[in-house]
Amino acid sequence: MKVSVSYLSSIFDKKNTIRLIDKSSADFIHVDLMDGKFVPKNNFEIKNVLNDLKDTKKPLDIHLMVLNPKRYIDDLSKLNPEYITIHLESNNIEENIKLIKSKNIKVGISIKPNTDISYLEPYYNEIDLILVMTVEPGAGGQRFLFDMLKKVEDLNNIRNNNGYKYLISVDGGINEYTAYKVKKSGGDILVSGSFICHHEYFDERINLLRK
């Protein structure tokens, strides 16, 4: 089970949180970017994101909670991330999948809790990652929506029955108990923020998720 750590909510300032994640045993740094349109909160300017992450060593797992991903993909590709994940509910999905692939970056699609997985069907062969939101996107520290585990189970079954290669990532309300439930349901990557970054010793919390 891989762990992608978000620095969205932390007891440390952003610079030190990113540094601590980068030094930890985490598999990815999860980068939550919100434009104030797709979700109410606006939390970034591209120039600051590029500066904040330019010296990191861990693979970057970028989650675009934005209405128009195309506006940011060219700039974010300069960071050479492992994944750029766009929302199924955002604009111009096909165009943005092709653009991300043209940068030799793996493509993810995320779905909100109220979005049925049937809408993902046209993209199963095109993408590398499906990010299942188990909270409403836009804020850290929310409670895990257990109904979303059925989506994880169904996506795992679809993958196994059809030979698709996508990984299943789960984001929102992740702690040691919900991590166990995600593993049982067939998830591959846990995205966790406050469970890890609201504690002094990041690796202790990461290890709890992996057990």
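Both I21 and L79 belong to a single network of hydrophobic side chains, linked directly or stepwise wherever heavy atoms of I, L, V, M, F, W or Y lie under 4.5 Å apart. In the hydrophobic clustering of ILVMFWY residues, with side-chain heavy atoms under 4.5 Å counting as a link, L167 and Y123 come out apart. No continuous path of hydrophobic side-chain contacts links V3 to I189 [ILVMFWY only; heavy atoms under 4.5 Å]. Note on Y166 and Y83: separate hydrophobic clusters, where clusters join Ile, Leu, Val, Met, Phe, Trp and Tyr whose side-chain heavy atoms are under 4.5 Å apart, directly or indirectly. Under the 4.5 Å side-chain heavy-atom criterion for Ile, Leu, Val, Met, Phe, Trp and Tyr, F44 and F38 are members of distinct hydrophobic clusters.
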Can you check side-chain contact (heavy atoms from CB on, under 4.5 Å) on L8 and M34, steps first, answer last?
CA-CA 11 Å; L8 187 62; M34 299 174 278; 3.7 Å; yes
Derivation of the side-chain contact (heavy atoms from CB on, under 4.5 Å) call for I29 and V5
CA-CA 5 Å; I29 299 174; V5 181; over 6 Å; no
Take L99 and D74 through the side-chain contact (heavy atoms from CB on, under 4.5 Å) test and state the conclusion after the steps.
CA-CA 8 Å; L99 178 58; D74 280 338; 4.1 Å; yes
Tell me, with the steps shown, if I117 and I158 meet side-chain contact (heavy atoms from CB on, under 4.5 Å).
CA-CA 10 Å; I117 66 168; I158 290 167; 4.0 Å; yes
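In this structure, the side chain of K165 does not engage the main chain of L129 through any donor-acceptor pair within 3.5 Å. With S9 contributing its side chain and S194 its backbone, the two residues share no donor-acceptor pair below 3.5 Å. Checked by atom type and distance alone, the side chain of K184 never pairs as donor or acceptor with a backbone atom of A179 at under 3.5 Å. A donor-acceptor contact shorter than 3.5 Å links the side chain of K151 to the backbone of P113. For the pair N91 (side chain) and N68 (backbone), a donor-acceptor distance under 3.5 Å is absent. Checked by atom type and distance alone, the side chain of D203 never pairs as donor or acceptor with a backbone atom of S24 at under 3.5 Å. With hydrogens and angles disregarded, no donor-acceptor distance shorter than 3.5 Å links the side chain of S90 to the backbone of I86. No donor-acceptor pair closer than 3.5 Å links the side chain of N51 to the backbone N or O of K47.
From I109, atom CD1 reaches atom CD1 of I130 across 7.5 Å, with rounding to the nearest 0.5 Å. Atom CG of L208 and atom CG of N175 lie 10.0 Å apart (nearest 0.5 Å). The distance from the CG atom of N43 to the CG atom of D35 is 9.5 Å, given to the nearest 0.5 Å. Taking OG1 from T85 and CG from L33, the interatomic distance works out to 11.0 Å, rounded to the nearest 0.5 Å. Within the model, atoms OG of S4 and CG of L190 stand 9.5 Å from one another, a figure rounded to the nearest 0.5 Å. Taken from CD1 in I111 to CG in L88, the straight-line distance is 7.5 Å, to the nearest 0.5 Å.
Among all heavy-atom pairs drawn from R210 and S25, the shortest one is NH2-O, 2.8 Å. The two residues E82 and I105 have their closest heavy-atom pair at O-CG2, 3.9 Å. Of all heavy-atom pairs spanning N16 and F12, the tightest one is CB-CB, 4.3 Å. Between I174 and S192, the shortest heavy-atom distance links the atoms O-OG, 3.7 Å. The minimum heavy-atom distance between A26 and I206, with the atom names listed, is N-CD1, 3.8 Å. Residues M133 and M148 approach most closely at O-CG, 3.6 Å, considering heavy atoms.
For E121, the CD atom sits in a loose shell: 12 or fewer heavy atoms of surrounding residues, nucleotides or ligands are nearer than 6.0 Å. Shown here is K112, whose NZ atom has more than 12 heavy atoms of other residues, nucleotides or ligands within 6.0 Å. When the shell of 6.0 Å around CZ of F146 is examined, it contains more than 12 heavy atoms from other residues, nucleotides or ligands. Surrounding NZ of K183 are more than 12 heavy atoms belonging to other residues, nucleotides or ligands, all under 6.0 Å away.
One finds a salt bridge joining K70 and E95 here, because a Lys/Arg side-chain nitrogen approaches an Asp/Glu carboxylate oxygen to under 4.0 Å. No salt bridge links K15 with D52; every basic N to acidic carboxylate O contact stays at or beyond 4.0 Å. Salt-bridge annotation for D75 and K78: present, with a side-chain N of the basic residue lying under 4.0 Å from a carboxylate O of the acidic one.
Using a 4.5 Å cut-off on side-chain heavy atoms (C-beta onward), L64 and L76 make contact. Between D171 and H30, some side-chain heavy-atom pair lies under the 4.5 Å cut-off. The closest side-chain heavy-atom distance from Y119 to E89 is not below 4.5 Å. No side-chain heavy atom of I196 sits less than 4.5 Å from a side-chain heavy atom of Y201. F28 places none of its side-chain heavy atoms less than 4.5 Å from the side chain of K58. Taking 4.5 Å as the limit, some side-chain heavy atom of F144 sits within range of a side-chain heavy atom of V182.
Between the side chains of S10 and H198, no donor N or O sits under 3.5 Å from an acceptor N or O. Side-chain N/O atoms of D22 and T56 include no donor and acceptor closer than 3.5 Å. Looking at H63 and D61, their side chains never bring a donor and an acceptor atom within 3.5 Å of each other.
Relative to the ring axis of F202, K23 does not place its NZ or CZ within 45° and under 6.0 Å from the centre. Figure legend: R159 and Y164 shown without cation-pi pairing, the cationic atom not lying both under 6.0 angstrom from the six-membered ring centre and within 45 degrees of its axis.
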